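Treat the numbers as computed from the prediction; the structure is a model and nothing was measured. Values below: all heavy atoms of this structure, side chains included; hydrogens, waters and symmetry mates excluded.
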2 protein chains.
Amino acid sequence: MSPRPATPAARDRLLAAAGELFYESGIAATGVDAVLARAQVAPATMYAHFPGKDGLVAAYLEQRYDRWLRTWDEVLAEHTDPVDRLLSLFDAVDRYRAREGNRRGCGFLAAATELPADHPGQPWLQADSRLLTDRLRELAVAAGLADPDEAAATLLLCYDGALARSAREWTTPGLHTDDPVRRARGLAAAWLAQQGHRPVR
Amino acid sequence: MSPRPATPAARDRLLAAAGELFYESGIAATGVDAVLARAQVAPATMYAHFPGKDGLVAAYLEQRYDRWLRTWDEVLAEHTDPVDRLLSLFDAVDRYRAREGNRRGCGFLAAATELPADHPGQPWLQADSRLLTDRLRELAVAAGLADPDEAAATLLLCYDGALARSAREWTTPGLHTDDPVRRARGLAAAWLAQQGHRPVR
DNA sequence: GTCTATAGCCGGATAGAC
DNA sequence: GTCTATCCGGCTATAGAC
């Protein structure tokens, strides 16, 4: 879905710089100049690799989606208990943040807030939403839950709650007493326990 | 905190226009020109009322905070049961949205994502965060909950979960099957019931 | 207080040489 | 593919008259 040029060095540096700046300073607030400066790349070189800023933003979101998916896959493969596999979503967030950093909460949530509806990066946001709902539903089915859609929606609510709280707290470290992801995992686990979960097999 | 000019007509029109545009299109993406055009106000007039765009943004957030606080106060006054008063947060969101509209989720969450840490509008975002935590804690104490801080944090998690889900779904109406606020209220109520809530008096 | 007109600037994008 | 230099448009903000 993304053509690889013969000399990807500049492209890789651009994506790395975009990944840091778009995430830390916001997409709209980050100018192309800043990305170019950090990547040590000339303007014309960027436009040889990407159709424009919007295209760079889309590539940034694609990269982020790939890494997030890989991380969740990895964590998921480490668990066999059905409930653990459902809750792996939260452990995957922890691992992703340990790797990629967590200065400003969820990059997808921020992008969903910033980008207009017709932005070329929207497909990746939809891919993320679809991954979450579909996979959680599958895991809920595998866990033998009575209403998989309900379970997926509830876990997703806890998940987004953790991400939104992280986003709100990034500028007010004073009130940031506990870890929202940990709390969300606990709330989700409590809800699952309350459901009268019947394990398969 | 905001000096009232002798002829507030233009100022009011500016605030009304800002309230619509900043919310619906985003703060960074909305130019001053667009606000001026919608408000039918000349540029110089705006700079007579506000120090600049940042000041207008801060006034927009102040206005939004005032209306949100008033709405929550109003809903809160309609309930006497301690648990109902805790859950009034979610009912207040419903009422606020019925009044002010809900095209793009929570304006504060969006602003927290968009604005830099030193923006003059940040105090209003902090005021909102403080209102939520402090008031929820008070209500939890009044409800006789064993750990008021824990209860406030959990309800806040549900609350932000609902708002974040609304934000994600605004562009994908296809997956938007259920109401996140309603679901969050249910999850919060279930958690409260699970706490072994002991009513006061 | 409000207007018209405009200045200054910054960000996205391109031309053309190498 | 990459560079230097530059264009162009839009947006923030101001000057000065009424």
Side-chain angles (χ1 to χ4, degrees), chain A residues 2-61 110-111 114-116 118-122, chain B residues 2-61 110-111 114-116 118-122:
Chain A
S2 31
R4 298 298 144 96
T7 307
R11 189 181 195 274
D12 286 352
R13 289 206 305 278
L14 282 168
L15 268 182
E20 297 170 9
L21 293 175
F22 285 154
Y23 174 66
E24 298 199 357
S25 309
I27 293 172
T30 300
V32 173
D33 300 9
V35 179
L36 295 173
R38 178 176 284 233
Q40 296 272 53
V41 165
T45 304
M46 194 206 93
Y47 289 95
H49 287 282
F50 302 96
K53 179 179 178 177
D54 288 347
L56 181 60
V57 170
Y60 151 69
L61 292 173
E114 285 198 76
L115 300 189
D118 58 349
H119 193 280
Q122 287 285 356
Chain B
S2 33
R4 296 301 145 91
T7 309
R11 189 181 195 274
D12 287 352
R13 289 205 306 278
L14 282 168
L15 267 182
E20 297 170 9
L21 293 176
F22 285 154
Y23 174 66
E24 298 199 357
S25 308
I27 293 172
T30 299
V32 174
D33 299 11
V35 179
L36 294 173
R38 179 176 284 232
Q40 296 272 54
V41 166
T45 305
M46 195 206 93
Y47 288 94
H49 287 281
F50 302 95
K53 179 179 177 177
D54 288 347
L56 181 60
V57 170
Y60 150 70
L61 292 173
E114 284 198 78
L115 300 189
D118 59 348
H119 193 280
Q122 287 286 356

Distance-only criterion, 3.5 Å: show the donor-acceptor pairs between side-chain atoms of residues 24-35 of chain A and protein atoms not counting sequence neighbours.
residue : atom : partner  : partner atom : Å
A:Glu24 : OE1  : A:Arg103 : NE           : 3.4
A:Thr30 : OG1  : A:Leu21  : O            : 3.3
A:Thr30 : OG1  : A:Gly26  : O            : 2.6

Starting from P on D:dT2, measure out to CZ on A:Arg11 and report it in whole angstrom.
12 Å
Can you name the closest pair of heavy atoms from B:Pro120 and B:Ala58 and give their distance?
O-CB, 3.8 Å
From the set D:dT2, D:dT4, C:dC3, return the single nucleotide nearest to any side-chain atom of A:Ala42.
D:dT4
Just the rounded figure in Å: distance from C1' of C:dC3 to NE2 of B:His49.
12 Å
Protein-nucleotide distance (B:Leu36, atom CG; C:dC3, atom P), rounded to Å
10 Å
Provide, to the nearest angstrom, the distance between the CZ atom belonging to A:Phe50 and the P atom belonging to C:dG12.
15 Å
Spacing between A:Leu21 atom CG and C:dG11 atom C1', to the nearest angstrom:
15 Å
Which pairs, with at least one residue in residues 43-55 of chain B and sequence neighbours excluded, count as a salt bridge (Lys or Arg N to Asp or Glu O under 4.0 Å)?
none
Please examine the side chains of A:Phe22 and A:Leu56, heavy atoms only from C-beta on, and report whether any two atoms are closer than 4.5 Å.
yes
Distance col, row B:Leu14:CG vs B:Tyr60:OH, nearest 0.5 angstrom, shows 15.0 Å
At less than 4.0 Å, is any side-chain N or O atom of A:Thr45 found next to OP1 or OP2 of D:dC3? Yes or no.
yes
Atom CD of B:Gln40 and atom C1' of C:dT2 are separated, to the nearest Å, by 14 Å
Main-chain N/O of A:Pro116 paired to A:Gln122 side chain as donor or acceptor, under 3.5 Å
yes
For nucleotides 12-14 of chain D, list the nitrogen or oxygen atoms of the protein found under 3.5 Å from its nitrogen or oxygen atoms, one pair per line.
residue : atom : partner : partner atom : Å
D:dT12  : OP1  : B:Val32 : N            : 3.4
D:dT12  : OP1  : B:Lys53 : NZ           : 3.2
D:dT12  : OP2  : B:Val32 : N            : 2.3
D:dA13  : OP2  : B:Tyr47 : OH           : 3.1
D:dA13  : OP2  : B:Lys53 : N            : 3.0

